[in-house]
K.L.:
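The structure's right below; bear with me while I get my questions together.
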Amino acid sequence: MERVSFTGEPFSQELEQGVDPATRLPYGVSRYYSGLVADNGENPQSAANGTRRDPIAAQYVPTEAEHHVRPYEDADPIGDRRYMVVPRLVHHYHDRALLLVNDRCAVYCRHCFRRHFTGHGSGRITKPELEAVCRYLELTPQVREVLLSGGDPLMLPDRELFAVMDRLRLVRSDLLLRVCTRMPVVLPSRITDELVSGLAARGPAWMVIHANHPRELTDAFVAAAQRVLRCGIPVSNQTVLLRGVNDNADTLEALFSALVRIGVRPYYLFQGDLAAGTAHFRTTVDEGLEIMRILRSRLSGLALPIYALDLPDGGGKVPVESALLRREPDAYVFAGPDGREYRYPREKA
Ligand SMILES: *Cc1c(COP(=O)(O)O)cnc(C)c1O
Ligand code: SF4
């Protein structure tokens with residue numbers, strides 16, 4: 001694969017962005033990722049008409065279904081805004097905080113739960129914003145870990161990303177930095193030796209990636225993941241359970257067993273969030289539980305992620321299996337970490 005240099009306006013020739021004429025929705029994809037769409041007659045555009053969709057195309061091609069917003073869907077489904085302690089820093093959990101480094105992604109996932117933030121013009125973190133974040137971290141030693149997220153932090157050119165990390169290190173040399181990125185999956189050429197050695201030099205760091213389907217695990221992906229691992233940065237993966245993409249045990253068994261073979265730990269399998277216009281992607285919680293039951297009988301503990309749900313109304317992340325209290329006719333009722341009850345809709349399968 002061709003390497004591009006990431007100075008100046010980064011990797012624009014690698015990316016395609018536009019407005020889909022059929023749905024009038026904006027989209028963005030890397031040429032690499034759209035190249036993974038199978039050329040076997042499955043129609044990437046067909047949404048709700050019963051035709052099977054390609055699992056790669058389904059993740060980036062807009063569909064009419066996104067215009068259908070359910071009353072309980074939300075622009076901020078996991079309550080980021082409530083926990084934003086200073087602009088761009090979400091401090092929700094005791095010892096870790098999430099930094100929205102920029103709002104850009106190489107691929108704009110149709111199922112993204114941060115759709116209110118990604119690609120909406122807030123751009124890169126500014127110097128004054130970063131200073132305010134650093135002041136907060138200086139005064140809040142209970143934060144041991146900062147998640148570099150967004151958007152995708154690796155959409156920044158190396159020197160800008162490294163400058164952010166260096167600034168954080170200056171106030172808190174003890175921080176663990178978690179780089180949350182989809183780049184190894186959607187633009188593996190971004191994972192250069194210069195990038196990974198620069199990340200490792202600014203460690204301790206972990207990388208958390210986002211793969212949803214075994215077809216994403218190409219040779220280029222494997223090489224990118226191994227480049228990261230060889231530098232001493234552990235890699236974990238988060239998968240979103242997506243109807244029509246990976247909502248069956250066979251697909252997820254193939255995905256998780258392949259990941260663990262290359263040294264990438266399956267970390268979370270997420271139940272779909274209540275992001276606006278994503279109902280067509282959600283499975284029921286009972287479908288997820290049944291898939292997990294099968295996976296547990298087939299997969300090594302190393303390959304088995306936690307099936308988790310980010311509770312609505314900022315309730316926080318919980319493991320579905322232990323937090324589910326009961327089923328009501330229209331809702332699954334969960335125990336939140338705060339002891340309160342949270343309701344997640346029971347949608348028609
Ligand atoms: C998910 C999340 C984290 C990290 O949670 P882990 O369970 O450690 O992966 C941190 N902050 C916010 C705001 C999150 O949404
Ligand atoms: S890469 Fe992550 S932040 Fe970006 S659109 Fe996809 S899910 Fe959202």
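Order of appearance sets the numbers: ligands from 1, and atoms from 1 within every ligand. Numbers for residues simply follow the sequence, beginning at 1.
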K.L.:
For Cys105, which part has a heavy atom under 4.0 Å from ligand 2: side chain, backbone, both, or neither?
P.N.:
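Only the side chain of Cys105 comes within reach of ligand 2.
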K.L.:
Between Gln59 and Tyr108, do the side chains contain a donor N or O and an acceptor N or O under 3.5 Å apart?
P.N.:
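Not at all, the side chains of Tyr108 and Gln59 share no donor-acceptor pair under 3.5 Å.
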K.L.:
Regarding Tyr267 and Arg265, do their side chains bring together a donor and an acceptor under 3.5 Å, going by distance alone?
P.N.:
no
K.L.:
Got the closest protein heavy atom to atom 8 (O) of ligand 1, with its distance?
P.N.:
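Ranked first by proximity to atom 8 (O) of ligand 1 is Arg96 NE, 2.6 Å.
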K.L.:
By number and element, which atoms of ligand 2 are closer than 4.0 Å to a non-hydrogen atom of His210?
P.N.:
7 (S)
K.L.:
Any side-chain donor-acceptor pair under 3.5 Å between Arg293 and Ser297?
P.N.:
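Absent: no donor and acceptor within the cut-off.
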K.L.:
Any idea which atoms of ligand 2 are less than 4.0 Å away from a heavy-atom of Arg182?
P.N.:
1 (S)
K.L.:
Which protein heavy atom lies closest to atom 12 (C) of ligand 1, and at what distance to 0.1 Å?
P.N.:
Tyr93 CE1, 3.6 Å
K.L.:
Of all the non-hydrogen atoms in the protein, which one sits nearest to atom 2 (C) of ligand 1, and at what distance?
P.N.:
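Checking every protein heavy atom, the shortest distance to atom 2 (C) of ligand 1 gives Lys317 NZ, 2.4 Å.
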K.L.:
Do any of the N, O or S atoms of Cys112 sit under 2.8 Å from atom 8 (Fe) of ligand 2?
P.N.:
yes
K.L.:
When the ring planes of Tyr332 and Tyr344 are compared, do they come out parallel, tilted or perpendicular, using 30° and 60° as the limits?
P.N.:
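Rings of Tyr332 and Tyr344: tilted, as their planes differ by 30° to 60°.
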K.L.:
At less than 4.0 angstrom from any non-hydrogen atom of Tyr268, what atoms of ligand 1 do you find?
P.N.:
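Per the distance check, 6 (P), 7 (O), 9 (O).
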K.L.:
Please classify the Val107 to ligand 2 contact at 4.0 Å (heavy-atom distances, strictly less than): side chain, backbone, both or neither.
P.N.:
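The answer is the backbone of Val107.
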K.L.:
Can you tell me if Thr218 and Tyr32 form a side-chain donor-acceptor pair at under 3.5 Å?
P.N.:
yes
K.L.:
Heavy-atom pairs closer than 4.0 Å: do any link ligand 2 to the side chain of His111, the backbone, both, or neither?
P.N.:
neither
K.L.:
Among Ile125, Leu161, Leu148, which residue meets the side-chain contact (heavy atoms from CB on, under 4.5 Å) test with Leu156?
P.N.:
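For Leu156, the side-chain contact (heavy atoms from CB on, under 4.5 Å) test succeeds with only one of Ile125, Leu161, Leu148, which is Leu161.
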K.L.:
Tell me which part of Leu147 gets within contact of ligand 1: side chain, backbone, both or neither, using heavy atoms under 4.0 Å.
P.N.:
side chain
K.L.:
Pairing donors with acceptors under 3.5 angstrom, does anything connect the side chains of Gln271 and Tyr307?
P.N.:
yes
K.L.:
For atom 13 (C) of ligand 1, what's the nearest protein heavy-atom neighbour? Residue, atom name and distance, please.
P.N.:
Val90 CG1, 3.7 Å
K.L.:
Considering only heavy atoms of Arg178, which atoms of ligand 1 have at least one such atom less than 4.0 Å away?
P.N.:
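Here the atoms of ligand 1 in question are 4 (C), 6 (P), 8 (O), 9 (O).
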K.L.:
Apply side-chain contact (heavy atoms from CB on, under 4.5 Å) to Ala200 and list each qualifying residue two or more places apart in sequence or on a separate chain.
P.N.:
Cys231, Ile233
K.L.:
How long is the gap from CG on Asp286 to CZ on Arg327, to the nearest 0.5 Å?
P.N.:
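Atom-to-atom, Asp286:CG and Arg327:CZ are 4.0 Å apart.
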K.L.:
Can you list the atoms of ligand 1 that are under 4.0 Å from a heavy atom of Tyr267?
P.N.:
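Selected atoms, number and element: 6 (P), 7 (O), 8 (O), 9 (O).
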